[in-house]
Every structure is written in C-alpha cells, then in structure tokens.
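Read the structure below first, then the notes.
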Amino acid sequence: MAEQTCYEGSAVQSFQFYLEHSGEHKAILQHIPDILPGEFKRIAADKSSLDVMGVGSGGGEVDVKILTMLQSTLPAVPITADIVEGSSELTDNFRALVAKTTNLQKIPFVWHIMSSEDYERQVKAKGDMKRFNFIHMIQMIYYVDSLADTIKFYHSLLKNNGTLMIIIETADGGWDTLWKTYKKDLCVHPITEYRSSSEVIACVKSQGLKYEEHIIPNSFDITECFNPGSPTGERLLNYMTAKDNFNESFTPETRAGILDLLKNKCSTEKDGRVLFNSTMSCILIHA
C-alpha cells in the first residue's frame with residue numbers, strides 16, 4: 001500500500017521542509033485567483049449547491065484557500081467537501097486547519113483516508129457514486145498506478161458542467177528534466193513512473209476530453225545543494241530524488257551527474273544563486 005504510507009513520519013517532515021523552501025504553495029495560491037473564480041461561476045450556473053472533492057490533498061493548505069475562494073465567489077451557495085488522502089498524519093493536519101478556519105465551519109467534510117485507487121475500488125464496489133462539480137488533484141498524479149484510469153474515473157464523477165483540475169510539474173521544467181534523465185535511478189519507490197503536464201495532456205487528448213492549460217511560474221533556490229555538508233542542501237537533495245539519504249543512495253558518478261544536471265539543465269543562475277525551474281501547469285478538464 002505504498003500510496004497510503006509515502007507521506008507518514010519522516011516523509012511528512014521532508015515534505016513540509018520542501019514546501020517551506022520551494023514556495024510552491026505560495027505560487028499556486030498566487031495564480032489560482034486568476035483562474036478559479038471565473039471557473040466557479042461557470043460551474044455554478046443554475047446550481048443550488050456545489051459538491052467539491054480534493055484528491056491527495058495533503059495537509060489541506062491549498063484546499064482551504066480553494067474552498068474559501070469558492071465561498072467568497074458564491075456566498076449564497078452551500079458547499080460540501082470530500083477529501084481523499086492516504087496519509088493519516090497529513091489528514092490530521094488538514095482537520096486541525098479546518099477547525100481553526102472560521103468560514104469553513106458550515107461546510108460538511110467527509111474524510112476518506114485511503115489512496116486514490118482504493119477510493120476508486122470502494123466506489124465501484126458500492127456502485128453508489130457521489131458526483132461532484134469540482135474535483136482537484138494538486139501535485140499527486142505522480143503517485144497513481146494508472147494515469148489513464150485515474151483521469152477516466154475521476155472525470156466520470158463530474159456533474160454536468162463540472163471541472164477536474166490537475167496541477168502538476170510542467171513539461172521540460174526542472175523536475176521533468178531531472179526525473180526523465182535519471183529515470184532508471186529515481187523511478188523506483190514511491191514514484192515508479194514520472195509524469196509531467198505532457199503525459200497528462202496526451203492522456204486527456206487520447207480520451208477525447210476538453211481541457212485548457214494555465215502556467216504557474218515558480219523557481220526556488222537550490223544553491224545549498226552544491227555546498228558539501230550543508231544540511232539544507234542535503235535535505236533538498238533527499239526530497240528531490242525521493243531518497244532518505246542522497247549521498248548513500250547513488251554511486252559517486254551518478255551523484256556528480258545529478259548535481260551537474262541540476263545546475264546546468266534544470267536551473268538558471270542569478271546573482272550567484274542557483275534557481276531551480278519548478279514551473280507548474282494547471283490543467284482544467286471539463287465534463
């Protein structure tokens with residue numbers, strides 16, 4: 001059950017460290033106000049209530065902002081929220097965040113502490129599908145077994161006029177370059193097949209679905225990765241290669257190759273700092 005345990009214990013600390021260092025959530029939250037309010041109004045036309053689902057929502061930092069934005073865009077429309085998240089530790093963080101966010105007190109939450117695939121199996125076994133107006137998957141599509149099956153299933157849960165939003169690293173960005181160049185070394189566990197926006201868009205097109213793509217620019221400072229003995233650099237390298245110990249996980253040649261690639265193909269240099277290209281794609285797939 002790799003999907004359920006990949007963000008427990010030390011992995012949660014590593015993930016939180018990465019979020020603080022990379023500014024990823026900040027970049028998402030800076031750009032979705034340009035994308036979502038108009039989409040919410042379109043989805044909500046003629047609707048008396050809205051059902052929202054977050055899949056792989058982690059600690060809920062982005063979900064809480066999305067729900068708040070939905071409320072302020074459509075103040076008179078009641079909302080429900082279903083959350084599918086495999087990590088019990090991150091779900092606890094999410095619940096705590098909801099408990100101290102006053103405007104969310106009126107929203108009924110249903111918590112599904114399981115992987116995306118387990119939720120799919122459960123729904124199909126029951127034969128009782130709750131449908132949703134808006135489903136979002138933020139930086140989680142790397143962890144599913146089948147990209148095509150996942151998109152097909154969650155798209156099938158959309159109500160009329162609904163939208164499935166996938167946020168993922170963009171094609172040819174730093175992550176895409178790193179993970180595809182060193183696929184043999186990195187794609188083992190928990191990510192066995194790296195995906196970027198190019199795979200998602202190819203999959204969406206092959207299923208004949210309507211979509212639009214919005215770019216979310218982001219970069220973060222990885223200068224410390226090139227400073228031997230730097231705890232910050234080591235923690236970043238551990239996270240970026242999904243290893244507990246970067247220095248012990250690869251041969252000296254592979255380590256040197258990864259560092260060279262990070263500096264020269266995945267990043268730009270500015271004022272003596274190395275800035276990793278972590279631009280994201282926000283893909284809206286329509287019902």
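Open room surrounds CG on Asp172; 12 or fewer heavy atoms of other groups in view lie less than 6.0 Å from it. More than 12 heavy-atom neighbours from other residues, nucleotides or ligands sit within 6.0 angstrom of CD on Gln105.
Of all non-hydrogen atoms in Ile216 and Cys282, the two that sit nearest each other are CD1-CB, 3.9 Å. The nearest pair of heavy atoms linking Leu157 to Met129 is CD2-SD, 3.5 Å. Residue Leu178 comes nearest to Leu261 through the heavy atom pair CA-CD2, 3.6 Å, listed as atom of the first residue, atom of the second, then distance. For Ile222 against Ser267, the heavy-atom pair with the smallest separation is CD1-OG, 3.5 Å. Among all heavy-atom pairs drawn from Gly162 and Arg42, the shortest one is O-NH2, 4.1 Å. Closest approach of Cys187 and Trp179 over heavy atoms only: SG-CE3, 3.8 Å.
Taking 4.5 Å as the limit, every side-chain heavy atom of Ile166 sits out of range of all side-chain heavy atoms of Val204. For the pair Leu262 and Leu237, the minimum side-chain heavy-atom distance is below 4.5 Å. Between Phe153 and Val123 the shortest side-chain heavy-atom distance falls below 4.5 Å. Two residues are said to be in side-chain contact when any heavy atoms from C-beta on lie closer than 4.5 Å; Ile35 and Met165 fail this criterion. For the pair Phe40/Asn133, no side-chain contact is recorded, criterion being any heavy-atom separation below 4.5 Å from C-beta on. For the pair Lys47/Asn161, a side-chain contact is recorded, criterion being any heavy-atom separation below 4.5 Å from C-beta on. Counting heavy atoms from C-beta on, the side chains of Gln16 and Leu90 come closer than 4.5 Å. No side-chain heavy atom of Ile258 sits less than 4.5 Å from a side-chain heavy atom of Met240.
No donor-acceptor pair under 3.5 Å is formed between the side chain of Glu61 and the backbone N or O of His25. When atom types are taken as modelled, the side chain of Arg195 and the backbone of Tyr143 share no donor-acceptor pair closer than 3.5 angstrom. Checking side-chain atoms of Asp221 against main-chain N and O of Thr223 turns up a donor-acceptor pair under 3.5 Å. In this structure, Ser197 contributes its side chain and Ala171 its backbone to a donor-acceptor pair below 3.5 Å. Gln207 contributes a side-chain N or O that, together with a main-chain N or O of Ala148, makes up a donor-acceptor pair within less than 3.5 Å. A side-chain donor-acceptor contact under 3.5 Å links His155 to the backbone of His286. In this structure, the side chain of Asn218 does not engage the main chain of Phe220 through any donor-acceptor pair within 3.5 Å. Under the 3.5 Å distance criterion, the side-chain polar atoms of Arg235 are left unmatched by any main-chain donor or acceptor of Phe17.
No continuous path of ILVMFWY side-chain contacts below 4.5 Å connects Met114 to Phe94, so the two sit in separate hydrophobic clusters. Transitive grouping of hydrophobic side chains (ILVMFWY, heavy atoms separated by less than 4.5 Å) keeps Leu19 and Ile167 in distinct clusters. Val55 and Ile66 fall into different hydrophobic clusters, defined by Ile, Leu, Val, Met, Phe, Trp and Tyr side-chain heavy atoms under 4.5 Å apart, directly or through other members. By the rule that hydrophobic residues join a cluster once side-chain heavy atoms approach within less than 4.5 Å of another member, Ile168 and Met53 end up as members of one cluster. Hydrophobic clustering keeps Ile113 apart from Leu97 (ILVMFWY residues linked when any side-chain heavy atoms are closer than 4.5 Å, directly or through intermediates).
The aromatic rings of Phe134 and His136 lie tilted to each other, with the angle between the two planes from 30° to 60°. Classification of the Tyr119-Tyr154 ring pair by plane angle, with boundaries at 30° and 60°, yields parallel.
Side-chain contact annotation: Glu169 with Tyr194, donor-acceptor N/O pair under 3.5 Å absent. Remark: the Glu85 side chain and the Thr91 side chain contain no N/O donor-acceptor pair separated by less than 3.5 Å. Using a 3.5 Å distance cut-off with no hydrogens or angles, the side chains of Glu199 and Ser196 do pair a donor with an acceptor. No donor-acceptor contact under 3.5 angstrom links the side chains of Tyr239 and Ser22, judged on distance only. If you check the side chains of Ser230 and Glu224, you find a donor sitting under 3.5 Å from an acceptor.
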Check your understanding: Going through the checks in order, is the side-chain contact (heavy atoms from CB on, under 4.5 Å) test met by Asp118 and Gln122?
Key -> CA-CA 6 Å; Asp118 282 345; Gln122 182 178 289; over 6 Å; no
Exercise for review: Check the pair Leu236, Phe246 against side-chain contact (heavy atoms from CB on, under 4.5 Å), reporting the backbone distance first and the verdict last.
Suggested key: CA-CA 9 Å; Leu236 278 174; Phe246 173 77; over 6 Å; no
**Study point:** Chi angles and distances behind the side-chain contact (heavy atoms from CB on, under 4.5 Å) call for Val274, Glu269
**Key:** CA-CA 5 Å; Val274 182; Glu269 287 199 49; 4.2 Å; yes
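Sorted by first and then second residue, the pairs that involve residues 151-162 and meet salt bridge (Lys or Arg N to Asp or Glu O under 4.0 Å), not counting sequence neighbours, are Asp51-Lys159. A salt bridge (Lys or Arg N to Asp or Glu O under 4.0 Å) check over residues 274-287, counting only residues at least two apart or in different chains, returns nothing. Residue pairs meeting the side chain to side chain donor-acceptor pair (under 3.5 Å) criterion with at least one partner in residues 29-38, sequence neighbours excluded, do not occur; the list is empty.
Here Lys130 pairs with Thr80, Asp82 under the side chain to side chain donor-acceptor pair (under 3.5 Å) rule; sequence neighbours left out. Scored by the side chain to side chain donor-acceptor pair (under 3.5 Å) test, Glu120 finds Lys124 as partners (sequence neighbours excluded). Considering only residues two or more places apart in sequence or on other chains, Leu29 meets the side chain to side chain contact (heavy atoms under 4.5 Å, CB included) condition with Ile32, Val62, Lys65.
A distance of 6.0 Å separates CG in Leu50 from CG in Leu74, rounded to the nearest 0.5 Å. Interatomic distance, OG1 of Thr101 versus CG of Asp63, reported as 11.0 Å (0.5 Å rounding). Atom-to-atom distance recorded for Ile151:CD1 and Leu164:CG is 7.0 Å, nearest 0.5 angstrom. The distance from the OG atom of Ser116 to the CG atom of Asp145 is 9.0 Å, given to the nearest 0.5 Å.
For the pair Lys243 and Phe250, the cation-pi criterion (under 6.0 Å, within 45° of the ring axis) is not fulfilled.
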